[in-house]
Protein chains: 2
Amino acid sequence: MSNLKQLAQSLGLSITTVSRALDGYSDVSAKTKARVLEAVAKTGYQPNASARRLRRQRAELVAVTLPTAPGHIGPPHFLDILSACAEHLAISGLNLVIAPVPRGQSELEMCRRFIDGQRVDAMLLVRTRRHDERVELLQSRGVPFVTHGRTESAKPHAFLDGDGFSGFRDATLRFIADGHTHIGHVAGPQEFSFAHHRRLGWEDALRRAGLASELMAEGEPTEHGGYAAAKALMSGPVKPTAILCATDEMAVGALRALREVAGGNTVCITGHDDLPMSAFTDPPLSTMRVTGEDIGVRIASLLLRAIDGEAPESLQEIHPIEFIPRASHCRSQRLADNDAGIHE
Amino acid sequence: MSNLKQLAQSLGLSITTVSRALDGYSDVSAKTKARVLEAVAKTGYQPNASARRLRRQRAELVAVTLPTAPGHIGPPHFLDILSACAEHLAISGLNLVIAPVPRGQSELEMCRRFIDGQRVDAMLLVRTRRHDERVELLQSRGVPFVTHGRTESAKPHAFLDGDGFSGFRDATLRFIADGHTHIGHVAGPQEFSFAHHRRLGWEDALRRAGLASELMAEGEPTEHGGYAAAKALMSGPVKPTAILCATDEMAVGALRALREVAGGNTVCITGHDDLPMSAFTDPPLSTMRVTGEDIGVRIASLLLRAIDGEAPESLQEIHPIEFIPRASHCRSQRLADNDAGIHE
DNA sequence: ATAATTTTCCAAAACGTTTTGGATGTCAAT
DNA sequence: ATTGACATCCAAAACGTTTTGGAAAATTAT
């Protein structure tokens, strides 16, 4: 609509001066600056984004790659995280674009398109895999990026993660303290970083207590995955009396499986994520969550610092997990009452 | 990294020719076109997005405004819709940016920033209100846009909506046919278009059947909102024997409320949206969903047509709703068995 | 052989900013 | 009067594309 040229002309000033007035250079007198500001306020002038981006050689954009998994895309609270992230990025003039992987294309091709076309200043990777080819690509291109979840990459990179290991270890220890000796795990796909760490935490606690860690079933990180995995666990020769699920969604599926299986309604269960709905399941789901304020905001500030050129080593955050006790982690009252009792 | 100039130089061609070869003009011989394509494949050249956007006077971007509601942002399956939409837009070279409203700013200011800065070619509005100021602004600026959900705007605009009215009317009729005479409604905030239409459908069925429509409670479109509303309904002088909830999330909350209240476990209940988790509640939630293929894809194609200048009148879609029967809509077996029985 | 047409190419002008490197004028110090 | 310092302004270059309006070469028609 309106551009600098017209604005300058109407004020009898040069384009340069108007531009510098708006950018707050000391270069322009207080009087003309005021005049410019007034004119801008009146016309609602906004600099053309593409032009500024071209000149500044910054895209003012950050892309988040969404792996289009079959089924649904990610934990339901994911949009909240992205929204908070976008809101925080916007303060620094950056916008967040959603970059789902087109069908028939690899995640790699997609990343390449974005960085080679200089469409973005940085990227955000979610659903990180332990060995993630996207990470390697971005590292080799020198593009700033942050991953949600660690990887096992040799070269350090910026990431934000919850301490799933400790969270699941502590939850398992809690079950052990409650007298459980058969503690199962409904695991997410082990290629995913988050799922792997949570499993390791569960295993670690069992090992320390000298308990076997064979009661594990893996499934898709969805309600159905949790359902199927829990069914598998409950149909084995040795049945668990407590189950840690990798996510709340899986736990919801597991809850249904337990409902359908004989003796299932005394099996204790926990999830992870503290989804809004988890307080409303039957029984209300005991779960965990990353402590502190919004994850999205923290991711955003990591991204900003990465763009500013900060070293990856100093951009790695692992946040503690807090346990949200509700009803589901102590269903078998016998156990909870005589807490030292051995259960079989 | 690499640009047209370098590419042209290395091929001994002009910038123009290379550019036109890539855009598929008939203007360039088959042989040189092949040479160019090969060089592009080898160097991985991608045109600089900002430059192209500036020259073409298109932002190649579509923004979706996310109302940052207190609590959570939208239905959990929302990201799936956005993702599908983004994927489809990408085919035409458009990217989807998410534009949450920064705190302390109005949705209007945010829209203005985007369109005055020519940051976007079109906008997508969700959580549409019956009287939506964003719609008026965009109409007055002549920016292409599509809303998810109708409005009561006098001027027509592009939208995609489910036929919530018919969906809820039919579901209510189904309850009536099952012999229910006290049918309640856990409603969403009536300022929202979707919530209002669903209520009207419920009311319409009751009116036709000569039944009173006073058993309604309104709440936030969240689990907790549904919980509180259902509690309110169940603590009145006349209690419903069936309840239609505006969304699955509200239904999940209502289910818990019914669990906590005497006689609640025979009250029939339905939701709307068919969230993944709805098949796993106790009892499995009977619900509804928009028929046909992915909503996100359809929104995307509406957006594309709007950008192409198609008239708003021809860009209005209301899609039928299909009922997903599970267990929750016929809990009181007495009713279901003798279907003509009067219940009190 | 010449004119008309088609094919193939390209120089230069945009697009709207930001930034560089002065230019002009004012004022105080010499 | 000259110099230096400072305040205020601006012309022009650049960012990397796409598009316009030809120009040169090759082909066909006369």
Side-chain angles (χ1 to χ4, degrees), chain A residues 1-37 39-40 43-61 93 95 113-121, chain B residues 1-37 39-40 43-61 92-95 113-121:
Chain A
M1 184 98 280
S2 76
N3 54 16
L4 263 193
K5 194 159 157 189
Q6 293 172 19
L7 195 62
Q9 229 150 23
S10 79
L11 285 166
L13 289 170
S14 78
I15 294 180
T16 309
T17 304
V18 178
S19 172
R20 311 206 96 202
L22 290 176
D23 275 10
Y25 280 70
S26 65
D27 203 330
V28 30
S29 76
K31 191 183 291 177
T32 51
K33 183 190 262 179
R35 274 212 305 147
V36 170
L37 256 40
V40 165
T43 61
Y45 166 80
Q46 284 275 123
N48 178 290
S50 303
R52 202 229 316 262
R53 289 165 176 168
L54 172 59
R55 174 62 231 225
R56 286 228 181 122
Q57 292 290 81
R58 292 165 128 267
E60 296 180 353
L61 251 35
N95 284 125
R113 268 234 328 280
F114 268 85
I115 61 186
D116 286 347
Q118 292 155 76
R119 292 165 126 72
V120 293
D121 298 323
Chain B
M1 186 96 278
S2 75
N3 55 15
L4 263 193
K5 196 160 157 188
Q6 293 172 19
L7 195 60
Q9 231 150 22
S10 79
L11 284 167
L13 290 171
S14 76
I15 294 180
T16 309
T17 304
V18 178
S19 172
R20 311 206 94 199
L22 289 177
D23 275 11
Y25 280 71
S26 64
D27 203 319
V28 31
S29 78
K31 190 183 294 179
T32 53
K33 182 189 265 182
R35 273 212 306 146
V36 170
L37 255 40
V40 164
T43 62
Y45 166 81
Q46 283 276 122
N48 178 291
S50 302
R52 201 229 318 260
R53 288 165 177 168
L54 172 59
R55 174 61 230 225
R56 285 229 181 120
Q57 292 290 81
R58 292 163 129 268
E60 295 180 354
L61 252 34
S92 304
L94 294 176
N95 284 126
R113 267 233 329 278
F114 268 86
I115 60 186
D116 286 346
Q118 293 157 76
R119 292 166 127 70
V120 293
D121 298 322

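Just so it is clear, the structure is predicted and the values come from calculations on it, not from any experiment. Note: hydrogens, waters and symmetry copies are ignored here, and every other heavy atom, side chains too, is used.
Of the side-chain N and O atoms in A/Thr32, none sit less than 4.0 angstrom from OP1 or OP2 of D/dT8. In this structure, A/Tyr45 reaches the C/dT17 phosphate: one of its side-chain N or O atoms is under 4.0 Å from OP1 or OP2. Phosphate proximity of D/dG16 to A/Gln57: present, with a side-chain N or O under 4.0 Å from OP1 or OP2. Between A/Thr17 and D/dC10, a side-chain N or O to OP1/OP2 separation shorter than 4.0 Å is present.
In this structure, the CG atom of B/Asn48 is 17 Å from the P atom of D/dA14, given to the nearest Å. The nearest whole Å value for the distance from the CG atom in A/Leu4 to the P atom in D/dC15 is 19 Å. B/Arg52 places its CZ atom 10 Å from the P atom of D/dT19, with the value rounded to the nearest Å. Computed from coordinates, the B/Arg56 CZ to D/dG16 C1' distance equals 13 Å when rounded to whole Å. Computed from coordinates, the B/Asn3 CG to D/dC15 P distance equals 9 Å when rounded to whole Å. Rounded to whole Å, atom P of C/dT18 lies 11 Å from atom CG of A/Leu54. Atom NZ in B/Lys5 sits about 8 Å away from atom P in D/dA14, given to the nearest Å. A/Ile15 has its CD1 atom 14 Å from the C1' atom of C/dA14, to the nearest Å.
Applying the side chain to side chain donor-acceptor pair (under 3.5 Å) rule to A/Gln46 yields no partners; only residues at least two apart in sequence or on another chain are considered. For A/Asn95, the side chain to side chain donor-acceptor pair (under 3.5 Å) criterion is met by no residue, not counting sequence neighbours. Judged as a side chain to side chain donor-acceptor pair (under 3.5 Å), and not counting sequence neighbours, B/Arg113 has no contacts. Listed by chain and residue number, A/Leu4, A/Lys5, A/Ala8 satisfy the side-chain contact (heavy atoms from CB on, under 4.5 Å) test with A/Ile15 (two or more places apart in sequence, or in another chain). Partners of B/Arg119 according to the side chain to side chain donor-acceptor pair (under 3.5 Å) rule, which considers only residues two or more places apart in sequence or in another chain, do not exist here. Residues passing the side-chain contact (heavy atoms from CB on, under 4.5 Å) test with B/Arg55, sequence neighbours excluded: none. Taking the side-chain contact (heavy atoms from CB on, under 4.5 Å) definition, one finds that A/Ser14 meets it with A/Thr16, A/Thr17, sequence neighbours left out.
As judged by a 4.0 angstrom heavy-atom cut-off over every strand, A/Ser29 is placed among residues touching the sugar-phosphate backbone only.
The CG atom of B/Leu22 lies 7.0 Å from the CG atom of B/Leu7; values are rounded to the nearest 0.5 Å. A/Asp121 contributes atom CG, which lies 10.5 Å from atom CD of A/Gln57 (distance to the nearest 0.5 angstrom).
Place A/Ala51 and A/Ser14 on DNA chain D by their nearest nucleotides, and A/Ser14 ends up nearer the 5' end.
End-to-end axis angle of the helix from C/dA1-D/dT30 to C/dT30-D/dA1, from C1' rotation axes over five pairs per end: 60° (rounded to 10 degrees).
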For a quick check, with a 4.0 angstrom heavy-atom cut-off, what is the B/S/- contact string for nucleotides 20-26 of chain D, read 5' to 3'? B------
